[in-house]
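Working notes, structure below.
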Amino acid sequence: MTTRRKLVVGNWKMHGSHAANADLLQGILAARPFVGEVAVCVPFPYLSEVAVTLANSSVAWGSQDVSAHAQGAYTGEVSAAMLAEFGCRYAIVGHSERRAYHAESDQLVADKAKAALAKGLTPIVCVGETLEQREAGETEAVVKRQLSAVIHTLGQCIGEVVVAYEPVWAIGTGRTASPEQAQAVHAVLRAQLAAATPRATEMKLLYGGSVKADNAAVLFSQADIDGGLIGGAALKAADFVAVARAAG
Ligand code: PGA
C-alpha cells in the first residue's frame with residue numbers, strides 16, 4: 001500500500017490585508033510542526049510578502065490562478081514564470097468560481113495546468129459537479145470530463161499534478177459531501193488517473209467544500225482522500241491549524 005503524505009491547502013480567495021495576513025501566517029507558523037504538508041494560496045499582490053514570511057519554513061505557498069500563456073499582451077494576467085520567481089510551489093487552476101464567473105473551459109484549465117508545470121509549479125486542478133448535475137446523476141461524467149481534458153493535454157505529466165474534488169454545492173455553503181460521497185468520487189478519479197499514469201497511486205487527491213475542524217478528520221481518513229483544499233476555514237489561524245492537524 002502506498003502511503004501518501006497528506007496535504008492541506010488554504011485557499012484564501014479574495015480575502016486578506018497586510019495586517020490580517022501577518023496574523024494568520026504567524027498563527028500557522030507558531031503551530032508547527034505539522035505531520036502533513038501545509039500550504040496557502042494567496043491573492044497575487046500578497047505573494048511577495050507571504051514568500052518573505054514563509055521563507056525557510058515548512059509552509060508552502062501558491063497562487064489561486066495562473067495564465068495559460070507564457071508571456072505577452074494579456075492585460076491582467078500573471079504568468080507561471082512570474083510566480084516561479086517568488087518561489088511559488090502551487091497554482092490552483094480550474095476552481096469552480098473561475099469556471100463559473102470567468103467562463104473557464106475544461107481546455108483552458110488544462111492549458112493553465114500545462115503552463116504551470118512548464119515552470120515547475122504544481123497545479124492543483126479543481127473538478128466538481130453542481131447540485132443540478134449531482135441530482136441528474138451526472139457527477140461521475142462531469143468530473144471525468146473535466147479531468148480528461150487535463151490528462152489529454154498533459155499526457156504522462158498528469159502524474160505531477162494534485163487534483164482537488166470540490167463539489168460546487170459544498171463550497172462555502174456549510175454543506176459538506178459525506179465522507180462516503182467524497183470517497184466514491186475520489187475512487188473514480190483515481191481509477192481514471194490510473195489508466196493514464198503508473199504514478200496514480202502516489203498522486204494526491206484533495207477534497208474541498210466546507211471542510212472544517214469537526215469534519216476534516218473523517219474526510220481525510222478515507223482511502224483516496226489525501227487532504228483538503230480549504231476556503232472559509234483557512235482564514236483564521238485556529239481553524240486552519242485544526243484542519244491541518246486533522247491530516248496528521
Ligand atoms: P470552502 O471553500 O471551504 O469555503 O467551502 C473551498 C474552496 O472553494 O476551495
Side-chain angles (χ1 to χ4, degrees), residues 6-16 20-21 24 27-28 36-44 46 50 59-66 88-102 104 109 112-113 116 121-131 133-134 139 142-143 146-147 150 161-179 181-183 185-186 189 204-220 222 225-247:
K6 295 273 197 276
L7 169 63
V8 172
V9 181
N11 172 13
W12 291 3
K13 307 194 181 187
M14 200 171 72
H15 295 288
N21 301 348
L24 180 50
I28 296 170
E37 191 189 344
V38 171
V40 290
C41 288
V42 309
F44 289 127
Y46 297 122
V50 168
V59 179
W61 61 98
S63 66
Q64 300 170 13
D65 188 24
V66 62
C88 248
R89 168 94 209 276
Y90 294 104
I92 297 173
V93 299
H95 190 281
S96 62
E97 287 150 16
R98 296 214 56 91
R99 291 181 191 260
Y101 309 145
H102 301 272
E104 293 198 3
V109 172
K112 288 183 169 192
L121 309 179
T122 299
I124 299 175
V125 177
C126 301
V127 300
E129 82 288 2
T130 62
L131 186 57
Q133 290 165 333
R134 173 160 283 265
T139 299
V142 169
V143 297
Q146 292 172 333
L147 184 58
V150 186
V161 315
V162 170
V163 176
Y165 168 55
E166 298 206 304
V168 177
W169 48 272
I171 295 178
T173 58
R175 196 177 153 186
T176 323
S178 71
Q181 284 175 320
Q183 165 57 28
V185 176
H186 279 235
L189 295 171
K204 291 192 209 299
L205 305 190
L206 311 183
Y207 169 77
S210 296
V211 178
K212 307 264 181 302
D214 60 3
N215 60 23
V218 61
L219 283 161
F220 298 167
Q222 302 301 304
I225 301 185
D226 308 311
L229 184 55
I230 319 300
L235 297 176
K236 277 203 199 130
D239 295 345
F240 186 62
V241 165
V243 172
R245 293 227 189 287

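Remember, it's 1-based here, ligands and their atoms both numbered in the order they're listed.
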Taking atom 4 (O) of ligand 1 as the reference point, the nearest protein heavy atom with its distance
Gly232 N, 2.8 Å
Heavy-atom nearest neighbour in the protein, as seen from atom 3 (O) of ligand 1, with distance rounded to 0.1 Å:
Gly231 N, 2.9 Å
Ligand 1 contact by Gly172, heavy-atom criterion under 4.0 angstrom:
yes
Under-4.0 Å heavy-atom contact with ligand 1, by part of Ser96 that carries it
neither
Below 30° counts as parallel, above 60° as perpendicular, anything between as tilted: where do the rings of Tyr207 and His186 land?
tilted
Decide whether an N or O pair under 3.5 Å exists between Lys13 and ligand 1.
yes
Glu166, Gln64, Glu97: member with heavy atom nearest to atom 7 (C) of ligand 1
Glu166
If you measure from the Lys or Arg side-chain nitrogens to the Asp or Glu carboxylate oxygens, is any gap between Glu37 and Arg89 under 4.0 Å?
yes
Using a 4.0 Å cut-off to any heavy atom of Ala170, which atoms of ligand 1 qualify?
5 (O)
Pairs of nitrogen or oxygen atoms closer than 3.5 Å, one from Gly209 and one from ligand 1: do any exist?
no
Find the distance between OH (Tyr90) and CG (Asn11) and round it off to the nearest 0.5 Å.
14.0 Å
Contacting atoms of ligand 1, where contact means under 4.0 angstrom from a heavy atom of Leu229
6 (C), 9 (O)
Does ligand 1 have any atom that is closer than 4.0 Å to a heavy atom of Lys212?
no
Working to the nearest 0.5 Å, report the span between NZ of Lys112 and CG of Leu121.
13.0 Å
Gln146 (side chain) donor-acceptor with Gly128 (main chain) under 3.5 angstrom:
yes
Taking every heavy atom of Asn21 against every heavy atom of Gly16, the minimum-distance pair comes out as OD1-CA, 3.4 Å
Is Asn11 touching ligand 1 with its side chain, its backbone, both, or neither, if touching means heavy atoms under 4.0 Å apart?
side chain
Have His95 and Gln64 got a donor and an acceptor in their side chains that come within less than 3.5 Å?
no
